[in-house]
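Everything numeric here is computed off the predicted structure, so don't read it as measured data. Only heavy atoms go into these numbers, but all of them, side chains included; no hydrogens, no water, no symmetry mates.
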Amino acid sequence: MALTLLIGGARSGKSSLAVDIGNRHDAAGLPVSYVATAPDLDADMHARIERHRNERPTSWSTIEEEVDLVGAIDACGEGLVIIDCLTLWVSNLLWREISSDDIAERASVAAQHAADRADPTVAITNEVGQGVHPETELGRRYRDVLGRVNQTWAACADPALLLVAGRAVRLDDPWQHLS
């Protein structure tokens, strides 16, 4: 398990599963690091961040990094790394007016970097392509960019799991079924 991608909608069980994976590593005496990408912008986000912090054991190291995923992964060192989440990471880059092409390149480099680690990495992201068509240009750009980022990370991951209601379905390369 080099890179595992957990993808699903809001409240689908992605973060809970990642924490469970981390708890199993922690119980085995292995180090766990948590890369948090959420910006603390308002009271709602602050409450969410605090809830996530309280779900994690104090033995885990936490790196709060909104933009530099490769640097954050490197700062974790050995052991399991949990990245929560690509969804907010893409949002952070868009708010900094990073081009779609640059975001795609950063995603490719970071996904490969995570997959190449000797120790496991779990990345969490939201599936946004099954919802309502966004009304704004920024909303459509966000959906499109995150969809491409998710495809990039899924291509580097083994396994990639779609979570719905706390249950997982393995996502295979479609060519495994079409050849």
Is any side-chain heavy atom of [X] closer than 4.5 Å to a side-chain heavy atom of [Y]?
X: Val67; Y: Leu93; answer: yes
X: Val169; Y: Leu161; answer: no
X: Cys76; Y: Ile63; answer: yes
X: Thr125; Y: Leu6; answer: no
X: Trp60; Y: Val19; answer: yes
X: Val149; Y: Thr87; answer: no
X: Pro31; Y: His25; answer: no
X: Val122; Y: Val81; answer: no

Task: Set of residues satisfying salt bridge (Lys or Arg N to Asp or Glu O under 4.0 Å) with respect to Arg106, sequence neighbours excluded - done: Asp102
Is [Y] reachable from [X] through a run of I, L, V, M, F, W or Y residues, each pair having side-chain heavy atoms under 4.5 Å apart?
X: Ile103; Y: Leu88; value: no
X: Ile49; Y: Val35; value: no
X: Ile82; Y: Leu162; value: no

- [ ] Calculate, to the nearest 0.5 Å, the distance between atoms OH and CG belonging to Tyr142 and Leu94 respectively.
- [x] 8.0 Å
Task: Distance (rounded to the nearest 0.5 Å) between Asp44 CG and Asp40 CG - done: 10.5 Å
Is the side chain of [X] donor-acceptor paired with the backbone N or O of [Y] at a distance under 3.5 Å, no angle test?
X: Ser108; Y: Glu105; result: no
X: Glu137; Y: Arg140; result: no
X: Thr152; Y: Ala107; result: no
X: Lys14; Y: Gly9; result: yes
X: Asp26; Y: Gly22; result: no
X: Arg141; Y: Thr136; result: no

Looking at every non-hydrogen atom in both residues, tell me the closest pair between [X] and [Y] and how far apart they are.
X: Val145; Y: Ser100; answer: CG2-OG, 3.4 Å
X: Ala115; Y: Ala2; answer: O-CB, 3.4 Å
X: Leu3; Y: Ala114; answer: CD1-CB, 4.1 Å
X: Leu163; Y: Ala168; answer: CG-CB, 4.3 Å

Task: Salt bridge flag under 4.0 Å for residues Arg148 and Asp144 - done: no
Task: salt bridge (charged side-chain N to carboxylate O under 4.0 Å, His left out) contacts touching residues 61-76 (sequence neighbours left out) - done: Arg53-Glu64, Glu66-Arg96
Task: salt bridge (charged side-chain N to carboxylate O under 4.0 Å, His left out) contacts in which one or both residues fall within residues 159-179, not counting sequence neighbours - done: Asp158-Arg170, Arg170-Asp172
Task: side-chain contact (heavy atoms from CB on, under 4.5 Å) against His52, all qualifying residues, sequence neighbours excluded - done: Ser15, Tyr34, Glu55, Arg56, Asp84
Task: Residue list, side-chain contact (heavy atoms from CB on, under 4.5 Å) with Val128, at least two apart or on another chain - done: Asn126, Arg143, Leu146
Task: Trace of the salt bridge (Lys or Arg N to Asp or Glu O under 4.0 Å) decision for Arg24 with Asp20 - done: CA-CA 6 Å; Arg24 289 178 185 217; Asp20 288 347; over 6 Å; no
TODO: Check whether more than 12 heavy atoms from other residues, nucleotides or ligands sit under 6.0 Å from atom CD of Glu78, and answer yes or no.
DONE: no
Open item on the list: Holding to side-chain hydrogen bond (donor to acceptor under 3.5 Å, both in side chains), I want the full list of residues that pass it with Asp116, two or more places apart in sequence or in another chain.
Closed with: Gln112
TODO: For side chain to side chain contact (heavy atoms under 4.5 Å, CB included), just list the numbers for Ile7 and Asn150, CA-CA rounded to whole Å, side-chain angles, deciding distance to a tenth of an Å, and then say yes or no.
DONE: CA-CA 8 Å; Ile7 185 169; Asn150 287 345; 3.6 Å; yes
Task: side chain to side chain contact (heavy atoms under 4.5 Å, CB included) between Ile124 and Leu86, intermediate numbers included - done: CA-CA 6 Å; Ile124 301 166; Leu86 300 177; over 6 Å; no
